[in-house]
Number of protein chains: 2
Amino acid sequence: MARIVDVAALAGVSTATVSRVLNGKAVRADLEKAVRKAIDELGYTPNRTARSLRRQHSEVIALVLPDIENPFFTSLARGVEDIAQEAGLSVVLCNTDEDPDKQERYLRIADDENMAGVIVAPAGPSALLRHLTERERAVVVVDRAVPDDVDQVTFDNLELGRRATRALAERGFRRIACVTGPESTPTAVARAQGWREELAEAGLPAPEDLLVHVNFRVDGGEDAMTRLLELATPPDAVLATNNLVGVGALRVLSATDQVDLGLGIIGDLPFVTSPVDNVSLLQLRPREMGLSAARMLVQRIRGEAGPARQIVQPTQPVRLGAPRESGPAR
Amino acid sequence: MARIVDVAALAGVSTATVSRVLNGKAVRADLEKAVRKAIDELGYTPNRTARSLRRQHSEVIALVLPDIENPFFTSLARGVEDIAQEAGLSVVLCNTDEDPDKQERYLRIADDENMAGVIVAPAGPSALLRHLTERERAVVVVDRAVPDDVDQVTFDNLELGRRATRALAERGFRRIACVTGPESTPTAVARAQGWREELAEAGLPAPEDLLVHVNFRVDGGEDAMTRLLELATPPDAVLATNNLVGVGALRVLSATDQVDLGLGIIGDLPFVTSPVDNVSLLQLRPREMGLSAARMLVQRIRGEAGPARQIVQPTQPVRLGAPRESGPAR
DNA sequence: TTGTAGGCGTTATCAG
DNA sequence: CTGATAACGCCTACAA
């Protein structure tokens, strides 16, 4: 592997000059030309490890996610990657599996490797996260708000719950249930609170047996839906507050063909196969969230950012049935 | 950030001794104890960049995939990650978007960063890939075979096509169509060839208008399915040769409720919502493929591997309807 | 077994 | 604007 000294020797200059050419600093035109020629001839590319060691930070950012198999996060990752690529950064994807310990481990690695920055959707509180922000490392928190003074891109989850509920109420449903995530998950709680408040405002009942907490996954949605349908007085509509729970609900629905039951889903459904013409969809477009977060991070890395910013990511209006373009990936 | 010299000073030993403790080499017991205590007190962790520079390879492996939003690949990634974690390696996920140029760029980066190894599902032929294997870097190719002499984990795609077709024939279907990927995609062609051969063997017709090449995505499946249903003599069953095409086919089917039409799908359907009781599923379990590939890579990195091995990843037998446990992630 | 010291490849400082 | 040189933090001969 060619090194910078080889290039310097071939071009008849010092390594310092080669380095300057590499980094776009002022160099006499003829020397620059000679250096570029040498680089070409040797097929030289800078050793990024050495560069990182010297510069005290690498050209890699970590994207720390709780579940890499959830399309919400892969889509978000896709957005991050697109911006990172533009900025000449590579992305390391880390899967915490909703495990705070794993999360700490990955954040530690990001620190040890002197990564340029970190984007994290936190699985619980993190001492290391605070530590990183205090040490002025570039950090952006996504999707799940934390109390720390750090750049964040999140949804207004209360508002999401309200809007999705309102859409169902406006369609004439009167007994609207809510399936949401565990009480330990703030986004789940906030969306359910939005459901509660919107129903109160519309003068509709919100009995607690219509609020079901399950895990935020497909089987959670299935369980909840089954339970709701078995109720003595079942709901006439159901709000699923995330994508996977929505998938679970749809499965039960399409297996039992309950055509009359209204359904609302907060989240995107890339691989759904049953018709959703009758489903009120509040699409979150996680890719956009990834774009926002990555842009913030790049600014922070470049030192162009001031005090911590907390952005509320806008979403699509609720609509009936998925528009074609949001279906397949790409 | 504490450095190795700080630990050495605090423990009253040389940096060499600290390094030895860190790397599990023989050190006098009392010194080792002192060193560990100092490490604890300072919260020291080795700087991985410096270590990489010195050792000439890092503890990171690159996973180069053509489409990070396809559940097949995220699941595969999940498997890779699990093994990597055990082996103390981090995984960098790189999305090539089926673009050979992007792929070359990422492979180049993996090389420049002295990564410990690379797992790649190739999007077309790659000069760099050959270059890497020739330079004895740890490389494993997954999912899509290449002619090079390199570790590989792939499916027997011809056999997959045959088995899935046979399952449909055994269910009594007589006019079985095949929807597969572009003719430029070897796996798509091989699976279609399996379809052709199996039909021939069963004495069933395989007219070319029942073989449809589309893109290997959801919209491809939708288009193909629509086209097939409009045929003067439509098929009585359809084989979809990958997961996304299968999703597209299911969408059309559940929108038109063609209950009589047989369907076979090669691939896993984690987020499907319509019932699949009548679908012959040949599950590939990509996570297992990721596990195999990562194990091979780890062996190669450790120098425990000899000549290049080419593994055929086993799959599940064809079955009717998805077993419960393969539905939701996890 | 332990310590000393050189070097991995790059960039930044400081003279010239 | 250019060149020599000293770091960046770690590991590993080599010598003791």
Side-chain angles (χ1 to χ4, degrees), chain A residues 1-36 38-39 42-60 88 108-116 135 137 301 303, chain B residues 1-36 38-39 42-60 88 108-116 135 137:
Chain A
M1 204 68 189
R3 293 155 310 158
I4 200 171
V5 287
D6 304 321
V7 176
L10 185 58
V13 298
S14 74
T15 60
T17 299
V18 178
S19 175
R20 288 187 190 107
V21 171
L22 252 28
N23 296 288
K25 317 229 168 162
V27 166
R28 220 171 61 213
D30 57 327
L31 291 189
E32 167 157 3
K33 216 170 116 185
V35 169
R36 296 215 178 277
I39 288 176
L42 296 172
Y44 166 81
T45 56
N47 179 316
R48 302 162 72 112
T49 308
R51 175 176 282 177
S52 300
L53 179 60
R54 178 60 227 228
R55 288 201 187 151
Q56 298 290 53
H57 73 99
S58 72
E59 281 136 340
V60 175
R108 160 76 66 178
I109 289 178
D111 196 26
D112 294 344
E113 294 230 26
N114 290 318
M115 292 192 189
R135 289 184 46 227
R137 312 265 311 200
I301 289 170
Chain B
M1 204 68 188
R3 294 155 309 157
I4 200 171
V5 287
D6 304 321
V7 177
L10 184 58
V13 298
S14 74
T15 60
T17 300
V18 178
S19 175
R20 289 186 189 111
V21 171
L22 252 28
N23 296 290
K25 316 231 165 157
V27 167
R28 221 170 62 211
D30 57 328
L31 291 190
E32 167 157 3
K33 216 170 114 183
V35 169
R36 294 214 179 278
I39 288 175
L42 296 172
Y44 167 80
T45 55
N47 179 315
R48 303 162 71 111
T49 308
R51 178 176 279 178
S52 301
L53 180 60
R54 180 56 229 241
R55 291 196 184 158
Q56 297 290 48
H57 74 98
S58 72
E59 281 137 341
V60 175
R108 160 77 65 179
I109 289 178
D111 196 26
D112 294 344
E113 295 227 23
N114 289 318
M115 293 192 189
R135 288 184 45 226
R137 312 268 309 202

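Per chain, numbering begins at 1; letters A, B, ... match sequence-line order. Since the structure is predicted, the reported quantities are computational estimates derived from the model, not experimental observations.
A/T17 places no side-chain N or O within 3.5 Å of a backbone atom of A/V13 that could act as its donor or acceptor partner.
Atom CD1 in A/I4 sits roughly 16 Å away from atom P in D/dT5 (whole-Å rounding). The CZ-P distance, from B/R54 to C/dG6, rounds to 13 Å in whole Å. The distance from atom CG of A/N114 to atom C1' of C/dT10 is 14 Å, rounded to the nearest whole Å. The CG atom of A/L22 sits 15 Å away from the P atom of C/dG9 (whole-angstrom rounding). Rounded to a whole Å, the NZ atom of B/K25 is 8 Å from the C1' atom of D/dC11. The distance between atom CG of B/D6 and atom C1' of D/dC8, rounded to the nearest whole Å, is 14 Å. If you measure from atom CG of B/L42 to atom P of D/dG9, you get 14 Å, rounded to the nearest angstrom. Rounded to whole Å, atom P of D/dC11 lies 11 Å from atom CG of B/L53.
Nearer to the 5' terminus of DNA chain C, by closest-nucleotide assignment, is the contact made by B/D30 (compared with the other of B/D30 and B/Q56). Comparing B/T15 and A/A29, the nucleotide of DNA chain D nearest to each residue sits closer to the 5' end for A/A29.
Under 4.0 angstrom from either OP1 or OP2 of D/dC11 there lies at least one side-chain N or O belonging to B/R51. The phosphate of C/dC8 has neither OP1 nor OP2 within less than 4.0 Å of any side-chain N or O from A/N47. For A/R3, a side-chain nitrogen or oxygen approaches OP1 or OP2 of C/dG9 to under 4.0 Å. The side chain of A/S52 contributes no N or O atom lying less than 4.0 Å from OP1 or OP2 of D/dC8. Checking the phosphate oxygens (OP1, OP2) of D/dG3, a side-chain nitrogen or oxygen of A/T17 falls inside 4.0 Å.
Within 4.0 Å (heavy atoms only), B/V27 reaches sugar-phosphate atoms of the nucleic acid but no base atom. If you check every strand for non-hydrogen atoms under 4.0 Å, B/S19 touches a base. Looking at heavy-atom distances under 4.0 Å, A/A26 makes contact with sugar-phosphate atoms alone, never a base.
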**OP:** Kindly determine whether B/D6 and B/R3 satisfy salt bridge (Lys or Arg N to Asp or Glu O under 4.0 Å), including the steps that lead there.
**Re:** CA-CA 5 Å; B/D6 304 321; B/R3 294 155 309 157; 3.5 Å; yes
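Side-chain proximity of B/A16 to D/dT12, C/dC14, C/dT11: nearest is D/dT12. Nearest to the side chain of B/R55, among D/dC11, C/dT13, D/dT5, sits D/dC11. Closest contact between the side chain of A/L31 and the listed nucleotides D/dG3, D/dT2, D/dT12 involves D/dT2.
Between the CD1 atom in B/I4 and the CG atom in B/N47 there is a gap of 10.5 Å [rounded to 0.5 Å].
Between the side chain of B/R48 and the base of D/dG9 there is no donor-acceptor pair of N/O atoms closer than 3.5 Å.
No hydrogens or angles considered: a donor-acceptor pair under 3.5 Å links the side chains of B/T45 and A/D112.
In summary, A/R28 and A/E32 do not engage in a salt bridge, as defined by a charged side-chain N under 4.0 Å from a carboxylate O. Ionic pairing of A/D30 and A/K33 is not present here: no N-O contact between side-chain nitrogen and carboxylate oxygen is shorter than 4.0 angstrom.
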